[in-house]
Amino acid sequence: MAKTEIEGTATLNGQPGIIENLLQLLFPERCLHCRSLLPPASARPLCPKCDSLSLPVGVVCPLCATLGHKNSPQCGCRQSGFPLQGLFALSFYEGRWRTLLHDLKYRGRRALARPLGRWLARELQQQGSFRPQLVVPVPLHCNRERERGFNQSALLAHQAAKELQIPFSGLLVRSRETESQTKISRLERLINVQGAFTCPSKFETGTRILLIDDIFSTGATMKEAAKCLQRRGAFIYGAVVAFNPPRQKS
Ligand SMILES: [Zn+2]
Ligand SMILES: [Zn+2]
């Protein structure tokens, strides 16, 4: 088997071309919600008015869901052998962000994956604590993907790879069909996804992989997917559009 099996390389080789610059001039970036023009060099995909109700998330400890500050999660709960080195999220799963993801996932607005994946990559790059070599999406089972017509995580990952100018690879396969994670408990989620992924392709040990999904809730799915890559010697950092933290016990 080939040493590295990477498909769909999205590297654009260098700076944006004349056409890309021209397109940006003709079609400047607009707020994903109200379509108003974004301020120049905006760091968010929603205009300040639409984004005022939601807080950016940034770095999160994937283990205890504590929000981090800049480069490191301030939770101190490091656990050796945990499959995810860190987690990055654009926003909380609420308000307009929730609507955007519903539009993408359930209402088939695939075009939203482009700006969302791009913004995710941009913010991750700005935050700068992880320099991935490869972007891998959390896969759907082939039956589910056929039903929906696409895998939203793969669309997001494609765009992120393009923005980061590194290759995209569908390294993971969801080999077992699982129940939807949305209506079951945390424990049930863990059991539900156990052994659901395989990684039939080979890659070099020590490869830094950016694993992309749309939402991180209990993290059961992403952790199980990451475990599969970790067994092959990869370093994995997760990135999602929306973080849906478990309710804090008071
Ligand atoms: Zn707006
Ligand atoms: Zn923690």
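Just so you know, ligand 1 is whichever comes first in the structure, and atom 1 is the first atom listed for that ligand. Atoms considered below: every heavy atom in the structure, side chains included; atoms not considered: hydrogens, waters and symmetry mates. Along the sequence shown, residues carry numbers from 1.
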Per the side-chain contact (heavy atoms from CB on, under 4.5 Å) rule, which among Phe235, Tyr237, Phe216 passes with Leu84? Phe216

So CD of Glu145 and OG of Ser153: to nearest 0.5 Å the spacing works out to 9.5 Å

Tell me whether the rings of Phe243 and Phe92 are parallel (<30°), tilted (30 to 60°) or perpendicular (>60°). tilted

Protein-derived N, O or S atoms sitting under 2.8 Å away from the Zn ion (ligand 1) total 4

May I ask you to check whether Glu204 and Thr207 show a side-chain donor-acceptor distance below 3.5 Å? no

Can you sort out the partners of Arg231 under side-chain hydrogen bond (donor to acceptor under 3.5 Å, both in side chains), two or more places apart, ordered by chain and number? none

Rounded to 10°, how big is the angle at the Zn ion (ligand 2) from Cys61 SG to Cys64 SG? 110°

Check for me, please, whether Val173 and Leu229 land in the same ILVMFWY cluster - side-chain distances under 4.5 Å, paths through other members count. no

